[in-house]
Amino acid sequence: MLTLLSLFAVAFASATILPLQSELMLTALIVGNQYPLPALLLIAGVGNTLGAVVNWWLGRKVETYKDRSWFPVSPEKLASAQARYRRFGKYSLLLSWLPIGGDALTVAAGLMRESLPVFLFWVAIAKFGRYAVLAYFVTRLS
């Protein structure tokens, strides 16, 4: 049980701005063959999707602080992120699984006031899809 809780925690945290790799843990658990694959995919997918909600929420709150001296993003970069999200909209969330840029997309979705149900739909497809593809290759190669 602790192992599955750890998978959830790592998947959750890796969807935020923390530099973690949930794929490594999921791969090890798949190869270890001690837990049912559907359970592993469900736990990792739910954890990773909920972690992305943290980014969405941060995006919803980010403009409140954009004029503060400590704010880490310049007004130009903030405007650029908004423009990119405006260009591709909710469909860009299909790329939220990417290790580089995926987290920024989920923050941008919050910043652009994407509704939570729409956000969850597209992000869940991306996150669960990535883990399903990973599981497919791991099970074929091991």
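Hydrogens, waters and symmetry mates play no part in the numbers below; they use all other heavy atoms, side chains included. Keep in mind that this is a model prediction, so the values were computed, not measured. Residues take their numbers from the sequence shown, with the count starting at 1.
- Both W57 and L50 belong to a common hydrophobic cluster when Ile, Leu, Val, Met, Phe, Trp and Tyr are linked at side-chain heavy-atom distances under 4.5 angstrom.
- To the nearest 0.5 Å, atom CG of residue L2 and atom CG of residue L7 are 11.5 Å apart.
- Between the side chains of D103 and T16, no donor N or O sits under 3.5 Å from an acceptor N or O.
- In plain terms, the two heavy atoms of A132 and L41 that are nearest each other are N-CD2, 4.2 Å.
- Note on V107 and W56: separate hydrophobic clusters, where clusters join Ile, Leu, Val, Met, Phe, Trp and Tyr whose side-chain heavy atoms are under 4.5 Å apart, directly or indirectly.
- Using a 4.5 Å cut-off between side-chain heavy atoms of Ile, Leu, Val, Met, Phe, Trp and Tyr, with links allowed through other members, L134 and F8 fall into the same hydrophobic cluster.
- With contacts defined as side-chain heavy-atom distances shorter than 4.5 Å, the pair N48/Y131 qualifies.
- In terms of heavy-atom proximity, V10 sits nearest to S22 at CG1-CA, 3.7 Å.
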Inset, instruction - Apply the test side-chain contact (heavy atoms from CB on, under 4.5 Å) to residues S14 and Q21: give CA-CA distance (whole Å), side-chain angles for both, the deciding distance (0.1 Å), then the verdict. - result: CA-CA 6 Å; S14 69; Q21 293 295 319; over 6 Å; no

Show me the side-chain donor-acceptor pairs of residues 90-98 shorter than 3.5 Å, one per line, residues at least two apart or across chains.
from : atom 1 : to  : atom 2 : distance (Å)
S92  : OG     : G89 : O      : 2.7
S96  : OG     : L93 : O      : 2.8
W97  : NE1    : L94 : O      : 3.3

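- In this view, R140 and Y136 satisfy the side-chain contact (heavy atoms from CB on, under 4.5 Å) rule, not counting sequence neighbours.
- Take L42 and apply the side-chain contact (heavy atoms from CB on, under 4.5 Å) test, not counting sequence neighbours, and it matches V46, F128.
- Atom CZ of F88 and atom CG of L105 lie 10.0 Å apart (nearest 0.5 Å).
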Could you pull out all donor-acceptor pairs under 3.5 Å where a side-chain atom in residues 109-126 meets a protein atom, sequence neighbours excluded?
from : atom 1 : to   : atom 2 : distance (Å)
R113 : NH1    : R60  : O      : 2.7
R113 : NH2    : R60  : O      : 3.4
E114 : OE1    : Y85  : OH     : 2.7
S115 : OG     : V118 : N      : 3.4

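- Residue pairs meeting the salt bridge (charged side-chain N to carboxylate O under 4.0 Å, His left out) criterion with at least one partner in residues 39-49, sequence neighbours excluded, are absent.
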Without placing hydrogens or testing angles, list every side-chain donor-acceptor pair under 3.5 Å for residues 26-40, not counting sequence neighbours.
from : atom 1 : to  : atom 2 : distance (Å)
T27  : OG1    : E23 : O      : 2.7

